[in-house]
Amino acid sequence: MSADEKPAGRRTEHVVGKVNDFPEGTHTVVRVGRREIGIFNIRGEFYGLPNICTHQTGPLCEGKKTGGTLVAREEDDWKPEWAYEGEIMACPWHGLEYHVPTGQCLAFPEIRLRCYQVVVEDGEVKILL
Amino acid sequence: MTQAVTRPAGRKERLEDLLVVDCDVHVHESPGELAPYCDMPWRKALENVADVQEYYLDIPGFSPGMTWYEARFPTAHEGRRMVHTPEQMRRELDDLHVDIGVLFPDHLLKIAVITQDDYAAALARAYNAWLLDKWCSPSHKLLGCVLACPQDPEDAAREIRKYAREPGVVGVYLPCAGLEPLWGHRRYDPIFAAAQECDLPVLLHSVTVVHPVFPFNLQGFETEFGRHICGHTFAIMANVVHMMTTGVPVRFPDLRVVLTEVGISWVPFLMNKMDKEYLERRREVPILQERPSYYMKKFYYATQPIEEPEDLSQVVTMMKLFDGEDRIVFASDWPHHDFDHPSKVHQIPFDPGVRRKVFGENALRLFKIDAQGRRLNL
């Protein structure tokens with residue numbers, strides 16, 4: 001739980017749309033109060049990230065489509081491999097990449113975005129703040 | 001040479017009282033010197049040029065292509081100094097207040113431009129054998145680097161392993177002048193693997209050549225002023241970028257890397273340029289697990305040619321820009337035309353502890369030696 005999250009019991013639900021508004025493999029930016037939040041439906045799981053890049057405040061979640069990316073691992077002799085298909089958002093401004101399910105920035109290990117909790121209840125998509 | 005003596009000033013230690021490890025001094029190897037150490041048939045070729053009149057670092061079939069291109073006017077600048085024996089080197093380093101010297105070649109700075117791979121490998125083997133036989137001497141506090149022949153990485157790796165346990169060997173010299181492909185290319189992996197395995201640092205060193213490979217296509221410059229600036233600085237930057245591109249510091253995490261004869265002001269520049277590109281292009285270098293500056297801060301940087309701004313405190317600022325106080329090592333480049341007397345580095349307003357690190361302590365850690373030049377990793 002990040003520092004600015006309230007305890008579960010005191011968080012407020014914000015309905016941001018019908019589940020049909022968020023088809024699998026797409027994402028949409030919604031506004032909740034002063035916040036802009038990207039809602040991602042990745043293989044039926046919902047995730048929420050702030051629509052602001054840590055780099056130069058670019059509209060992170062307005063990138064056209066999530067995709068995969070290249071990683072290299074020691075166990076595979078550091079050969080490049082395609083990974084995280086459908087789970088990577090790159091900021092449209094400069095390409096800084098984030099892993100949507102965890103908020104982890106791929107370039108900088110110390111950067112992890114706040115992940116908003118997104119739930120689906122009674123056909124409605126809600127963000128807990 | 002006249003001995004320069006510094007005066008005690010407050011708490012500042014005198015140069016002659018500091019431990020000074022000099023990470024870059026040059027021996028003079030000639031074809032005639034190397035011939036007895038060289039395999040046939042290449043020995044025959046060395047004997048054939050043994051009596052060629054030598055101008056400076058330019059012998060046909062040995063160190064081609066560094067004649068001066070521009071008008072030469074008379075000068076008292078002794079631009080062609082050479083050191084022919086360990087005794088001469090010891091005497092001259094004593095005059096410089098240098099305690100321990102790390103040896104590099106003269107002519108074979110240009111070995112990478114030799115077009116016959118087998119000949120280049122034979123030259124490297126001859127140089128290494130000659131250096132061990134004639135020069136490397138812990139008692140003289142003269143310590144050598146194994147020349148790694150880029151044209152034959154497998155043979156270079158054998159040479160590194162062959163000499164790795166010698167008390168007089170403390171590093172591996174990677175030639176950079178006219179090199180193609182750049183260090184970092186996977187064909188050179190055996191060299192990095194051997195150096196890491198043998199616990200020896202690799203030291204990159206360039207020299208000016210005009211050669212049709214990046215970044216040595218320097219024919220556009222009218223004078224040595226331009227060629228010399230670019231020949232060293234761009235060469236090292238290009239090699240560091242390429243080593244980062246292929247993840248050398250990730251794939252060889254225990255390898256110690258030293259950049260020589262480029263000063264230090266380029267370090268913050270390149271670090272910031274690479275970090276900026278990395279942000280956008282991480283997926284092109286997915287092997288990097290951290291930003292490039294993270295790895296660059298682990299490399300070592302030799303001082304010569306140390307920057308000489310009017311306000312020398314700017315050198316301290318440059319050092320701080322890359323957290324360099326544990327990574328900067330003194331080098332004079334003796335006896336070359338652009339050598340730095342340690343008194344210049346001594347004038348830089350370092351804190352006393354940092355000054356001791358730069359002059360000696362960092363190099364002891366880098367080479368894993370004690371203040372007497374004895375290896376601690378044998």
Side-chain angles (χ1 to χ4, degrees), chain A residues 27 38 40 42 49-114, chain B residues 153-154 157 181-197 202 240-255 257 268 270-298 322-323:
Chain A
H27 63 283
F40 297 79
I42 300 175
L49 293 181
N51 184 31
I52 184 166
C53 182
T54 58
H55 170 222
Q56 290 186 3
T57 72
L60 169 64
C61 300
E62 293 173 25
K64 282 201 178 72
K65 194 165 171 38
T66 53
T69 192
L70 288 148
V71 299
R73 300 182 171 100
E74 186 171 16
E75 51 270 32
D76 299 316
D77 194 26
W78 299 112
K79 295 273 187 271
E81 53 188 285
W82 188 251
Y84 304 121
E85 183 63 272
E87 299 177 2
I88 301 295
M89 179 47 75
C91 179
W93 277 8
H94 304 99
L96 191 62
E97 300 167 298
Y98 298 88
H99 181 235
V100 174
T102 59
Q104 180 64 51
C105 174
L106 274 84
F108 306 121
E110 73 277 14
I111 294 179
R112 186 183 277 257
L113 297 174
R114 174 174 181 181
Chain B
E154 295 291 347
L182 296 166
W183 293 112
H185 190 284
R186 285 192 179 248
R187 70 178 299 231
Y188 302 128
D189 280 0
I191 294 175
F192 291 121
Q196 178 176 258
E197 174 195 310
V202 294
V240 168
V241 169
H242 200 232
M243 288 165 68
M244 203 62 72
T245 304
T246 63
V248 168
V250 179
R251 293 187 290 123
F252 304 99
D254 298 325
L255 183 68
V257 177
L270 188 64
M271 220 169 68
N272 282 292
K273 294 302 285 184
M274 282 204 288
D275 279 1
K276 181 85 175 175
E277 289 291 326
Y278 172 72
L279 190 140
E280 179 181 345
R281 303 182 191 281
R282 184 213 61 84
R283 52 163 58 190
E284 296 174 14
V285 285
I287 190 168
L288 300 184
Q289 309 297 299
E290 300 275 356
R291 43 168 74 68
S293 60
Y294 170 89
Y295 301 105
M296 269 190 83
K297 288 177 181 179
K298 293 174 179 288
F322 62 97
D323 304 337

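Every chain is numbered from 1, with letters handed out A, B, ... down the list of sequences.
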Whether the side chain of E97(A) engages the backbone of G95(A) through a donor-acceptor N/O pair (distance < 3.5 Å, no angle test) should be reported. no
Only one of E284(B), R282(B), Q289(B), R283(B) passes side-chain contact (heavy atoms from CB on, under 4.5 Å) with P286(B), and that residue is R282(B)
One option among V71(A), L96(A), L106(A) has the most heavy-atom pairs under 4.5 Å with chain B, and it is L106(A)
Side chain from CB out, backbone as N, CA, C, O: work out which of these in H94(A) comes under 4.5 Å of a heavy atom of chain B, or both, or neither. both
Assess the residue pair S293(B) and Y278(B) against the criterion (side chain to side chain donor-acceptor pair (under 3.5 Å)); give the C-alpha distance rounded to whole Å, side-chain angles, the decisive distance to 0.1 Å, and a yes or no. CA-CA 10 Å; S293(B) 60; Y278(B) 172 72; over 6 Å; no
Chain A heavy atoms under 4.5 Å from V285(B): which part of the residue, side chain, backbone, both or neither? neither
Proximal component of E110(A), with respect to chain B [non-hydrogen, under 4.5 Å]: side chain
Quick one: are Y295(B) and E290(B) in side-chain contact, heavy atoms under 4.5 Å? yes
